[in-house]
Amino acid sequence: MRVPLLLLVVALAHASSVSSRKVLSGSQQWIYEYCGPNRQWIDEYCGPNRFNEKCQKAAAMAFLSMAQAARLSTTTMATRAAGNGPISSRLFQAIRKVETGSLCNNAFAPCTIKGDGGRALGPYQIHKIYYDDAVSFRPSLGSRPYRDVTDRNFAEQVMQAYISRYATRSRLGHSPTDQDIARIHNGGPNGHRYKSTLNYWRRVKSHL
């Protein structure tokens with residue numbers, strides 16, 4: 001029996017009569033076949049042990065605990081990580097590796113690293129002006145303060161809004177590419193035009 005992560009969490013939370021061993025039985029490859037973007041929770045929690053049954057169960061429970069702590073439904077929690085936008089999970093990972101290396105790999109813990117003389121914060125090193133720009137474009141993000149960009153999931157929502165604002169066909173003259181997105185993230189609204197962002201893109205590309 002193979003089930004997606006969301007159903008696993010719901011089962012563990014609301015169906016105590018169903019044993020977790022039964023829920024998790026079968027090929028542990030189910031996560032890559034069924035979970036789509038939600039498999040990042042298992043990847044981040046378990047690393048090379050992501051197909052291990054015990055670790056999958058522990059990751060699912062951590063996922064549920066995080067959702068409950070934030071007072072979010074499991075459905076909301078499962079889909080909120082990157083939100084809707086032009087940045088793929090693959091590109092998010094590459095940008096994060098360039099910005100903070102391996103220091104912010106845990107999706108379940110805040111990343112309080114500061115850079116650029118204290119002006120950039122979190123796993124994606126977001127500046128306050130970047131956050132303000134994203135909130136201006138998508139006001140609902142303003143319900144959380146700038147300091148919350150230490151939360152990877154929220155930071156990714158901020159990035160999706162910022163990039164959705166500036167990496168558009170009308171501005172670029174073509175459909176946005178990973179290069180456009182990375183260079184705008186690094187250099188601002190017109191970062192895709194600056195030679196100074198080319199090296200940043202090369203570094204991001206090396207992780208793709």
Side-chain angles (χ1 to χ4, degrees), residues 37-41 43-45 47 63 66 70 72 76-168 171-172 176-194 196-208:
N38 298 327
R39 64 190 176 211
Q40 67 174 309
W41 297 97
D43 284 340
E44 296 293 346
Y45 194 93
F63 178 97
M66 189 174 180
L72 298 172
T76 300
M77 198 65 192
T79 59
R80 79 182 183 104
N84 295 321
I87 312 175
S88 67
S89 58
R90 182 165 159 264
L91 184 55
F92 269 127
Q93 184 178 33
I95 290 175
R96 191 172 67 251
K97 285 182 177 179
V98 170
E99 295 289 359
T100 51
S102 61
L103 299 177
C104 296
N105 280 343
N106 189 348
F108 300 91
C111 174
T112 57
I113 293 174
K114 292 183 179 181
D116 199 11
R119 293 175 295 175
L121 180 64
Y124 298 101
Q125 293 295 281
I126 292 174
H127 288 240
K128 178 64 161 57
I129 193 172
Y130 185 116
Y131 161 85
D132 289 341
D133 223 341
V135 169
S136 176
F137 180 72
R138 192 165 292 163
S140 61
L141 293 172
S143 63
R144 298 183 66 175
Y146 165 65
R147 64 176 178 271
D148 279 2
V149 297
T150 56
D151 175 343
R152 185 199 296 182
N153 296 311
F154 180 62
E156 289 179 359
Q157 293 177 51
V158 169
M159 288 174 65
Q160 292 285 28
Y162 187 89
I163 295 302
S164 293
R165 182 173 196 171
Y166 293 114
T168 63
R171 292 191 78 248
L172 304 176
T177 64
D178 284 351
Q179 178 175 171
D180 295 321
I181 292 169
R183 294 175 69 187
I184 287 172
H185 174 70
N186 177 244
N190 296 311
H192 58 294
R193 299 177 180 173
Y194 303 150
S196 59
T197 62
L198 282 171
N199 186 56
Y200 180 84
W201 162 242
R202 293 188 190 100
R203 292 168 63 201
V204 169
K205 186 179 179 180
S206 71
H207 294 292
L208 290 173

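The basis for the numbers below is simple: all heavy atoms, side chains too, and nothing from hydrogens, waters or symmetry mates. This one's a predicted model, so the numbers in the text were calculated from it and none came from an experiment.
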[X] side, atom [atom1]; [Y] side, atom [atom2] - distance, nearest 0.5 Å:
X    : Y    : atom1 : atom2 : value
R96  : S89  : CZ    : OG    : 9.5 Å
R119 : I129 : CZ    : CD1   : 10.5 Å
D180 : T177 : CG    : OG1   : 3.5 Å
L208 : I95  : CG    : CD1   : 8.5 Å
I126 : E156 : CD1   : CD    : 9.0 Å
D148 : S143 : CG    : OG    : 9.0 Å

Check for a donor-acceptor pair, side chain of [X] on one end and backbone N or O of [Y] on the other, with a separation under 3.5 Å.
X    : Y    : answer
T100 : K97  : no
R144 : L141 : no
S164 : Q160 : yes

If every non-hydrogen atom of [X] is compared with every non-hydrogen atom of [Y], which pair is closest and at what distance?
X    : Y    : value
A134 : Y162 : CB-N, 4.1 Å
I181 : L91  : CG2-CD2, 3.6 Å
W201 : A182 : CE3-CB, 3.7 Å
H207 : R203 : CD2-O, 3.2 Å

| task | Kindly determine whether C104 and I113 satisfy side-chain contact (heavy atoms from CB on, under 4.5 Å), including the steps that lead there. | result | CA-CA 8 Å; C104 296; I113 293 174; 3.7 Å; yes
Going by heavy atoms in the side chains, are [X] and [Y] under 4.5 Å from each other?
X    : Y    : answer
I163 : P86  : yes
R171 : N190 : yes
D132 : Y146 : no

Checking [Y] against [X]: is there a side-chain donor and acceptor pair closer than 3.5 Å?
X    : Y    : value
H185 : Y130 : yes
Y194 : R183 : no
N105 : S102 : no
E99  : Y200 : yes
N106 : R152 : no

| said: Between D178 and K205, does any NZ, NE, NH1 or NH2 come within less than 4.0 Å of an OD or OE carboxylate oxygen? | reply: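 No.
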| task | Could you tell me whether L198 atom CG has more than 12 heavy atoms of other residues or ligands within 6.0 Å of it? | result |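 Enclosed.
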| message | As a quick check of understanding, evaluate side chain to side chain donor-acceptor pair (under 3.5 Å) for Y166 and D133, giving each step before the final call. | response | CA-CA 10 Å; Y166 293 114; D133 223 341; 2.8 Å; yes
| Six-ring centre of F137, R165 cation under 6.0 angstrom, axis tolerance 45° |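 The answer is no; the distance or angle limit is not met.
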| Run the side-chain contact (heavy atoms from CB on, under 4.5 Å) check on T197 and H192 step by step: do they pass? | CA-CA 7 Å; T197 62; H192 58 294; over 6 Å; no
